[in-house]
Enquirer: 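Below is one structure. I have some questions about it.
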Amino acid sequence: MALAFVALKALDRDDAVNAAEAALGTGAGRPPAPFFNFMDEAAFWADYADPEELYAYCLASFKRMKPARQAAFLEHVQRRQAA
């Protein structure tokens, strides 16, 4: 464990975080470029994402939507909750 600590401390912060995440294998990382369509790739990515990743990408995506698209999204989500 001491060797891992020293190795991580020798790296700059971003490289150390990337190395630790790669070693631990937690989360899904950023969503990949779509091979088929955006919805299929998003669903595949979400299957592997940590709850924190899901929340972060969902909120950031929602905030970047135009108001009409936000309203349509909320209507869709609320309709699914009622079903």
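Just so it is clear, the structure is predicted and the values come from calculations on it, not from any experiment.
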Enquirer: Please write out which residues are connected to L3 in a hydrophobic cluster, directly or through intermediates, given that two of Ile, Leu, Val, Met, Phe, Trp, Tyr count as joined at side-chain heavy-atom separations below 4.5 angstrom.
Expert: none
Enquirer: Quick one: does N37's side chain have a donor or acceptor within less than 3.5 Å of a partner on M39's backbone?
Expert: yes
Enquirer: If I take atom CZ from residue F73 and atom SG from residue C58, how far apart are they, to the nearest 0.5 angstrom?
Expert: 4.5 Å
Enquirer: Distance from L54 atom CG to D47 atom CG, nearest 0.5 Å?
Expert: 9.5 Å
Enquirer: Can you list everything that forms a salt bridge (Lys or Arg N to Asp or Glu O under 4.0 Å) with E75? Sequence neighbours excluded, please.
Expert: R79
Enquirer: Show which side-chain atoms of residues 62-71 pair as donor or acceptor with protein atoms under 3.5 Å away, not counting sequence neighbours.
Expert:
| from | atom 1 | to | atom 2 | distance (Å) |
| --- | --- | --- | --- | --- |
| Q70 | NE2 | F62 | O | 2.8 |

Enquirer: Output a table of donor-acceptor pairs, distance under 3.5 Å, between side-chain atoms of residues 4-15 and any protein atom two or more places apart or on a different chain; print 'none' if there are none.
Expert:
| from | atom 1 | to | atom 2 | distance (Å) |
| --- | --- | --- | --- | --- |
| D12 | OD1 | D14 | N | 3.2 |
| D12 | OD1 | D15 | N | 2.9 |

Enquirer: Could you check if a side-chain atom of E53 sits within less than 4.5 angstrom of a side-chain atom of Y48, using non-hydrogen atoms only?
Expert: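 Not in contact.
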Enquirer: Please say yes or no: joined through hydrophobic side-chain contacts below 4.5 Å, possibly via intermediate residues, are Y57 and Y55 part of one cluster?
Expert: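 Y57 and Y55: separate clusters.
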